[in-house]
Amino acid sequence: MLHRMPATDRVSVHPSRAGPARRIFLSVAMLTLSVDATASGQDVKAPGAQLVATVPSHADSAKTPATSTDSTAKAAAAVLPKWFDELAVNAFVSTAYEYNGNRPTTGANSYRVFDFSDNSFNLDVAELVVQIAASKPNDAGFRVDFDAGNSIPQITKTQDQTAAQFDLKQAFASYIAPLGSGLRFDVGKFVTHLGYEVIEGYDGYNDNYSRSILFGYAIPFTHTGVKASYAFSSKVAGMVEVVNGWDLLRDNNRSKSVGAQLTLTPVAPLSVLLNWIGGPELANDNHNNRNVFDVVAILEKLTQLGFCQVRDGHDRHPLARTLNEADTPASG
């Protein structure tokens, strides 16, 4: 499940005072470009082999160029490292024009997540993903997501990041240990496991252009740390993680946050995800814990109809205070 990021650095806008709470958002032109440059699907020997097949064999002297070409192709293949065959490069672009019929005087839409600009063309995000996927025991790999743009990177960047229009959304290394069906470890920065909606990317995007309040104000976007995942069967899988907290590259206190996910697939069309994360999230505070319980149910046969319920216990996310919530910890 793809994901999320800021906290105190997220854009928060006061409600519009320009008139009735009537808004019209026009979003146009979503362009998705996926370029799979996996060299495994491109056998460098093939061109040489085809060339040999098309050269007429009129005499023994004609075989010499064909043999030379085939040898050159084999030599070129030998030069490329083996890991290059598994390297994949993908791209994604999202752009839109946004218009708010309520015409806010600030030029910004209140309580929106990514679509916060009024009467403006936006390059939401241009993403480049480079990865070697780990898929079976003893496999090792990595993934790096480079994001740039006017909307999404400004919101998903970590609290301790100063660059506003660029974000390294994910950067982690993976290894699948040969234990049972394969115990997967991911170390680095990765998107959160919480929530039903996702951050736009080449391998995951929402049906709707806008996002819910829960997506923007109730859950984190990313984590930095380590997580372990294991599939117990085709119906049950689990994940545990130890991370720096919500949307942080460097922890803001001396305690870590712990997260977990249990995925249940009782029948083929139905998936239920039980998510949790807990730990101190306030700066220089090692004791005031924040706990979030997140339940997502997806029935794929009904056009991926999803049901999401989030419970946020103890102290609130700092940005939730823009929604007039109390600054004091709330009991869950």
Side-chain angles (χ1 to χ4, degrees), residues 1-17 21 23 25 27 98 100 102 104 106 108-118 124-125 150-161 164 167 169 191-200 204-223 243-248 252 257 259 273 275-283 285 288-296 306-332:
M1 176 149 302
L2 282 178
H3 350 235
R4 335 234 184 255
M5 281 184 183
T8 53
D9 279 357
R10 290 196 205 167
V11 175
S12 58
V13 183
H14 295 292
S16 171
R17 301 177 184 176
R23 299 190 179 95
F25 293 95
S27 305
E98 301 166 7
N100 186 344
N102 202 40
T106 61
N109 303 318
S110 302
Y111 307 135
R112 311 303 292 184
V113 184
F114 299 141
D115 50 335
F116 49 79
S117 297
D118 172 47
D124 299 322
V125 66
N150 296 326
S151 299
I152 292 180
Q154 290 192 48
I155 305 303
T156 60
K157 68 183 182 67
T158 56
Q159 301 177 43
D160 46 357
Q161 178 181 323
D167 180 32
K169 185 173 70 177
V191 295
T192 188
H193 58 290
L194 282 83
Y196 172 68
E197 298 168 288
V198 299
I199 303 172
E200 300 281 71
Y205 44 90
N206 296 287
D207 295 331
N208 298 325
Y209 180 72
S210 61
R211 302 296 194 282
S212 67
I213 292 293
L214 293 180
F215 175 87
Y217 296 94
I219 60 176
F221 289 136
T222 62
H223 307 289
V243 297
N244 286 340
W246 290 38
D247 310 318
L248 289 168
N252 59 359
S257 296
L273 294 86
N275 302 313
W276 166 76
I277 188 170
E281 302 298 341
L282 299 179
D285 186 337
N288 193 4
N289 291 329
R290 176 188 303 155
N291 291 280
V292 176
F293 301 91
D294 177 59
V295 180
V296 178
F307 304 91
C308 179
Q309 184 267 332
V310 176
R311 180 183 179 186
D312 185 358
H314 215 69
D315 69 285
R316 304 292 185 181
H317 188 288
L319 289 181
R321 298 184 183 118
T322 64
L323 301 179
N324 298 322
E325 293 191 350
D327 194 39
T328 55
S331 60

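The residues of the chain are indexed from 1 along the displayed sequence.
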V125 side chain near F114 side chain, heavy-atom distance below 4.5 Å: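 No, their side chains stay 4.5 Å or more apart.
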Pairwise side-chain contact, E200 with N206, heavy-atom cut-off 4.5 Å (strictly under):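 SC-SC contact between E200 and N206 confirmed.
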Under the side-chain contact (heavy atoms from CB on, under 4.5 Å) test, residues paired with D285 that sit two or more places apart: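 D285 satisfies side-chain contact (heavy atoms from CB on, under 4.5 Å) with L282, H287, N288 only.
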Can you check whether [Y]'s main-chain N or O pairs, donor with acceptor, with [X]'s side chain at less than 3.5 Å?
X: D247; Y: T222; result: yes
X: D167; Y: Q154; result: no
X: D115; Y: S210; result: no
X: R290; Y: I277; result: no
X: H223; Y: G245; result: yes

N252: side-chain hydrogen bond (donor to acceptor under 3.5 Å, both in side chains) partners, not counting sequence neighbours: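 Counting only residues at least two positions away or on another chain, N252 forms no side-chain hydrogen bond (donor to acceptor under 3.5 Å, both in side chains).
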Measure across [X] and [Y] and return the closest heavy-atom pair with its distance rounded to 0.1 Å.
X: Y217; Y: Y111; value: OH-CA, 3.4 Å
X: S117; Y: E98; value: O-OE1, 2.8 Å
X: W246; Y: I219; value: CZ3-C, 3.7 Å
X: P104; Y: N109; value: CG-OD1, 4.1 Å
X: S212; Y: V113; value: O-CG2, 3.9 Å

The single option from N289, L248, V243, V292 passing side chain to side chain contact (heavy atoms under 4.5 Å, CB included) against S257: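 Going through N289, L248, V243, V292 one by one, the side chain to side chain contact (heavy atoms under 4.5 Å, CB included) with S257 is satisfied by V243 alone.
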Gap between atom CG of N208 and atom CD of E197 - 0.5 Å precision: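 Rounded to the nearest 0.5 Å, the CD-CG separation comes to 7.5 Å.
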Atom pair CG/CD of N291 and E281 - distance to nearest 0.5 Å: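 Between atom CG of N291 and atom CD of E281 there are 9.5 Å.
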D118 and N100 side chains, donor-acceptor separation under 3.5 Å: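 No, D118 and N100 have no side-chain donor paired with an acceptor closer than 3.5 Å.
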